[in-house]
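To start, the structure itself, in structure tokens.
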2 protein chains.
Amino acid sequence: MSSAVRSRKVGRVPMPAVKKANGVPLYAQIREALRRQISAGELKPGTKLPGEDALTEQFGVSRMTVRQGVSELIDEGLLYRRRGVGTFVSQRHVQRDHNRLTTFFDSAAAEGFDARIEVLAQEVVPAKHMVAQALDLKEGEPVIYIRSLRFADGLPITLHDEYVPYKLFPELLYQEMTTMMSWEALERSGYRVKHAVQKVEALPAEHNIATVLQMEKGAPILFKHRTVIAEDGNPLEFALCYSRGDSYALTMTLKR
Amino acid sequence: MSSAVRSRKVGRVPMPAVKKANGVPLYAQIREALRRQISAGELKPGTKLPGEDALTEQFGVSRMTVRQGVSELIDEGLLYRRRGVGTFVSQRHVQRDHNRLTTFFDSAAAEGFDARIEVLAQEVVPAKHMVAQALDLKEGEPVIYIRSLRFADGLPITLHDEYVPYKLFPELLYQEMTTMMSWEALERSGYRVKHAVQKVEALPAEHNIATVLQMEKGAPILFKHRTVIAEDGNPLEFALCYSRGDSYALTMTLKR
DNA sequence: GAGTGGTCTAGACCACCCG
DNA sequence: GGGTGGTCTAGACCACTCG
């Protein structure tokens with residue numbers, strides 16, 4: 001009847017591997033401490049972590065705080081929990097998170113090639129049906145249209161058509177777009193990007209696209225069709241990307 | 001010096017919109033109650049939710065419990081929080097979560113077409129280099145190879161080559177594979193699938209693939225290359241999928 | 001039955017945002 | 001300054017897993 005045997009507090013060894021008041025939340029310090037131990041090999045794949053009670057004492061914080069730190073590593077896939085058994089280090093860690101919105105330059109740097117963007121058009125046009133629909137506008141409302149060509153190691157890889165509602169951010173018309181995407185410019189102006197919804201298809205290259213990308217007409221194109229959504233759920237940007245099939249791939253993770 | 005003005009406990013109106021002891025955790029009940037209010041239109045997009053204190057009283061639970069329920073809806077993208085301001089209903093909800101591992105039949109049902117799988121091969125073969133690498137095996141170790149053709153409304157859409165380590169699940173060789181994928185069979189045998197890593201490309205159809213998919217040689221194929229990972233991080237299945245470019249698309253969401 | 005994670009409480013102080 | 005979310009505590013009981 002009485003109760004939990006938990007918190008059997010031995011001699012209360014403080015041992016604060018984490019400490020307050022340095023601006024970083026305790027759970028974040030715990031998260032990073034564990035991450036460090038894992039990447040340093042102190043906690044090898046497959047091994048069991050100390051129990052939550054043990055971590056509670058070790059770090060000198062409450063159990064809920066430990067759980068918050070551990071939970072974030074679980075969301076990242078670095079750890080997994082099994083009720084009644086324990087918390088373990090995953091075998092294979094997700095290399096990079098490919099399910100995030102990245103910039104062309106970031107990806108290029110990660111893959112190790114030289115990146116360059118050439119802007120082919122930057123103007124105000126009336127929204128065509130598809131664009132209006134994606135951006136929640138009426139057909140014909142003004143949108144800023146930016147067409148750019150992206151090069152990797154000097155070769156044209158992707159033709160990019162972006163559309164942003166004119167009323168949302170008229171200044172975009174005069175921004176230098178050779179180093180960022182529209183949504184990056186929007187973020188710098190205070191909009192908060194939540195996520196993007198993207199559709200991917202394989203298409204034969206049309207004549208004009210084949211010409212720009214210096215490939216044969218009819219050769220495979222990896223085609224992406226993307227809408228960038230703000231934190232409040234409103235669309236910020238609509239984009240169509242045509243990438244050379246022979247030099248472009250997309251990687252992603254699918255959760256169960 | 002004293003303290004927070006929180007929990008000003010009026011008359012303690014129980015009003016348990018959620019109740020214990022029915023097997024469903026309180027935070028889950030709260031999550032579903034809020035989800036219902038949102039989809040019923042009682043909480044319209046853009047509106048602010050009652051504060052966490054208010055929800056605490058309304059549901060008759062502690063604040064941490066409310067936060068857990070709300071947090072899960074935030075992870076789903078249905079709500080968003082702004083510190084110092086409040087919690088709001090997102091404008092546009094993510095329609096379906098396309099970042100999950102789905103079965104061919106589930107997707108077919110969601111898209112509204114008839115699905116059929118025809119198994120072309122199901123045998124034990126030695127692992128070739130690429131397969132061995134993906135599955136953490138030595139070259140030549142036995143793997144179960146299953147080639148299947150997937151039809152939508154009677155038309156061949158995808159050619160599917162799957163590989164599973166023989167030692168992992170020898171029974172797979174005799175399973176009826178016209179209704180499920182290998183990883184589904186593995187799950188039913190107690191393995192826990194965590195996620196899959198997938199690469200997507202656009203390729204020209206080779207002769208034999210073009211023949212099977214009844215398309216022209218050289219026409220665009222959406223090619224996927226996938227490894228299914230278990231909870232403990234070990235690879236369970238490696239698959240190559242060739243889909244007709246003109247009748248197959250992939251949708252996904254990218255977080256910021 | 002011992003150990004472990006899952007859920008939950010009733011508070012508290014802080015940081016942030018806005019009028 | 002008042003309201004809101006962000007973090008944190010020191011407990012508690014439950015459900016599950018395993019030897």
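A, B, ... follow the sequence lines: proteins, then strands. Residue 1 opens every chain. In what follows, every heavy atom counts, from backbone to side chain, and hydrogens, waters and symmetry copies are set aside.
Taking the six-membered ring where tryptophan is involved, the planes of B/Phe169 and B/Tyr191 are perpendicular, since the angle between them exceeds 60° and thus also 30°.
In this structure, of C/dA10, D/dG6, D/dT9, it is D/dG6 that holds the atom nearest to the side chain of B/Glu52. Here D/dC16 is the nucleotide among D/dG5, D/dC16, C/dC8 with the atom lying nearest to any side-chain atom of A/Arg83. Residue A/Arg67 has its side chain nearest to C/dT7 when only D/dG6, C/dT7, C/dA10 are considered.
Atom CD of A/Glu57 is separated from atom C1' of D/dG11 by 14 Å (rounded to the nearest Å). Between the C1' atom of D/dT4 and the OH atom of B/Tyr80 lies a distance of 14 Å, rounded to the nearest Å. For the pair A/Leu49 CG and C/dT4 P, the computed distance is 12 Å after rounding to whole Å. Whole-Å rounding puts the B/Leu26 CG to D/dC14 P distance at 14 Å. Put simply, NZ on A/Lys48 is 8 Å from C1' on C/dG3, counting in whole angstrom units. One atom, CZ of B/Arg192, and another, P of D/dC16, lie 13 Å apart when rounded to the nearest Å. For the pair B/Phe59 CZ and C/dA10 P, the interatomic distance rounds to 17 Å; values are reported in whole Å. For the pair A/Leu55 CG and D/dT9 P, the interatomic distance rounds to 14 Å; values are reported in whole Å.
Between A/Ser62 and B/Gly51, the residue whose closest nucleotide on DNA chain D is further toward the 5' end is B/Gly51. In terms of position along DNA chain C, the nucleotide closest to A/Arg82 lies nearer the 5' end than the nucleotide closest to the other residue of the pair A/Met64 and A/Arg82.
Side chain B/Arg63 to base D/dT7: a donor-acceptor pair is found below 3.5 Å.
Rounded to the nearest 0.5 Å, atoms CZ (A/Arg63) and CG (A/Asp53) are 6.0 Å apart. Once rounded to the nearest 0.5 Å, the distance linking CZ of A/Arg192 with CG of A/Leu186 reads 14.0 Å.
The phosphate of C/dG6 has OP1 or OP2 within less than 4.0 Å of a side-chain N or O from A/Arg81. The side chain of A/Tyr27 contributes no N or O atom lying less than 4.0 Å from OP1 or OP2 of D/dC8. Residue A/Thr87 has a polar side-chain atom (N or O) positioned under 4.0 Å from OP1 or OP2 of C/dG5. Note on A/Thr65: a side-chain N or O is less than 4.0 Å away from OP1 or OP2 of D/dT9.
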Take B/Glu32 and B/Arg35 through the test salt bridge (charged side-chain N to carboxylate O under 4.0 Å, His left out) and record every step on the way to the result.
CA-CA 5 Å; B/Glu32 295 312 315; B/Arg35 193 203 302 286; 2.9 Å; yes

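Other residues, nucleotides and ligands place more than 12 heavy atoms under 6.0 Å from the NZ atom of A/Lys48.
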